[in-house]
Structures are given as structure tokens and as C-alpha cells.
Amino acid sequence: MVTNLLRHTIYIPVKTVSKSMLGPQWASLFGVMASFLISGLMHELLFYYITRVTPTWEVTCFFVIHGLCVVVEYGLMKGLGPMLSLHWAVAGPITTAFLMSTSTWLFFPPLLLNGADERLINEFNNLVDCIVRIL
């Protein structure tokens, strides 16, 4: 649902506007970057609602870095073609390692440093206690 929403509200309009300046081949890159940027800003807003702490922009940086990597990968594939293509058994672990390292570095610290994880666990325990008492 979110992918579809971003596609229709951010990606397609940005791609359409930038198509006249860059041509159809490269216009999609601006749409991709804009989509990742907006996604990062929306996650930053959600993190603010959860933690009630001034944003550190780490979450937005997480999404911008991933958007840049998608754009660079697209550019390399366009330029080098099949020479750059990696087998899925190699590409999968590399992608997973990149995602896990950037998540640990940028995505999770705003939640962990502000105690949102502990509050969530306490809320869950309260819910379980309430259900147990009812049953």
C-alpha cells in the first residue's frame, strides 16, 4: 500500500517533471530519490510521534543512503550491464549485510536511546496481564 502511494504521489510526478530536463532514461532516478527522501521524512515523523523527542534525522539519512545506493546500482547496471551482475547467492548476503549494518547504525538508535522499546515491552506486558485477568 505504501509503495503504491509513494509511486503515485511522489515517483510518477517527479519523474514526469524531470523527464523534460534529463530524458526518459534518467528521469526515474530523481523519482526514486524523491520517494526515498519522502519515505525517510515520514518515518522521522512516525518516530517523533513514538518517542516525542526532537528528530535527529538519522532515519531520514537511512532512507536517503538507501535511495542513493539504488540510484548508483541502477547507473552501474546501465553502464556496465551484465558484467556487473552478481549471482543471487552473493548479492543476497551483501544486501542483507548492508541493510543490517545501516539499520543498526541509523534506523534503530533513535528508538533504543529514547526508551521506546522498553515502553513498548511494558505496554505489551500490560496487555497480556489484562487478557490473563479477563480469562
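Computed from a prediction, not measured in an experiment: that's the story for all the values here.
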Exercise. Do M77 and V71 belong to the same hydrophobic cluster, where Ile, Leu, Val, Met, Phe, Trp and Tyr are linked whenever their side-chain heavy atoms lie under 4.5 Å apart, directly or via other members?
Worked result: no
Problem set entry | Within residues 12-38 or reaching into it, pairs that qualify as side chain to side chain donor-acceptor pair (under 3.5 Å) - sequence neighbours excluded | none
Exercise. Of all heavy-atom pairs between A116 and I50, which one has the smallest distance, and what is that distance?
Worked result: CB-CG2, 3.8 Å
For this session: Hey, could you give me the CG/CD1 distance between L6 and I38, rounded to the nearest 0.5 Å?
Result: 8.5 Å
Exercise. Would you say the side chains of R119 and N122 form a donor-acceptor pair under 3.5 Å?
Worked result: no
Exercise. For atom CE of M100, is the number of surrounding heavy atoms from other residues, nucleotides or ligands below 6.0 Å larger than 12?
Worked result: no
For this session: Quick one: closest heavy-atom pair of N114 and P110, and the distance?
Result: ND2-O, 2.6 Å
Exercise. With the 4.5 Å side-chain cut-off for hydrophobic clustering, are V128 and L120 part of the same group?
Worked result: no
Exercise. Is there a side-chain contact between H43 and T60, using heavy atoms and a 4.5 Å cut-off?
Worked result: no
Exercise. Would L46 end up clustered with V64 when hydrophobic side chains under 4.5 Å apart are linked, directly or stepwise?
Worked result: no
Exercise. Could you state the interatomic distance from CG (N126) to CD1 (I131), rounded to the nearest 0.5 Å?
Worked result: 11.0 Å
For this session: Please name the pair of heavy atoms, one in P13 and one in T9, separated by the smallest distance, quoted to 0.1 Å.
Result: CG-O, 3.5 Å
Problem set entry | Heavy-atom pair with the smallest gap, counting every atom of E58 and T56 | OE1-OG1, 2.9 Å
For this session: Check whether any side-chain heavy atom of I134 lies under 4.5 Å from a side-chain heavy atom of C130, and answer yes or no.
Result: yes
Exercise. Cation-pi between R52 and Y49: NZ/CZ under 6.0 Å from ring centre and within 45° of the ring axis?
Worked result: no
For this session: Report the residue from V59, V53, T51 that forms a side chain to side chain contact (heavy atoms under 4.5 Å, CB included) with L111.
Result: T51
Exercise. Can the ring centres of F62 and F108 be said to be less than 6.0 Å apart?
Worked result: no
Problem set entry | Interatomic distance, L22 atom CG to F30 atom CZ [nearest 0.5 angstrom] | 5.0 Å
Exercise. Should L76 and I94 be counted in the same cluster of Ile, Leu, Val, Met, Phe, Trp and Tyr side chains packed under 4.5 Å apart?
Worked result: no
Exercise. Roughly how far apart are H66 NE2 and S103 OG, rounded to 0.5 Å?
Worked result: 6.0 Å
Exercise. Atom CE of M42 and atom CG of L37: how far apart are they, to the nearest 0.5 Å?
Worked result: 12.0 Å
Exercise. How close do S39 and F63 get, heavy atom to heavy atom, and via which atoms?
Worked result: OG-CE2, 3.5 Å
Exercise. Which pair of non-hydrogen atoms, one from A91 and one from L86, has the smallest distance, and what is that distance?
Worked result: CB-CB, 4.2 Å
For this session: Starting from the C-alpha separation in whole Å, work towards a yes-or-no answer on side-chain contact (heavy atoms from CB on, under 4.5 Å) for H8 and N4.
Result: CA-CA 6 Å; H8 291 291; N4 204 26; 3.1 Å; yes
For this session: Side-chain contact test, heavy atoms from C-beta onward, threshold under 4.5 Å: evaluate it for W57 versus L41 and give yes or no.
Result: yes
Exercise. With side chains defined as the heavy atoms from C-beta onward, is the minimum distance between M33 and V70 less than 4.5 Å?
Worked result: no
Problem set entry | same_hphob_cluster(F36, F98) at 4.5 Å side-chain heavy-atom cutoff | yes
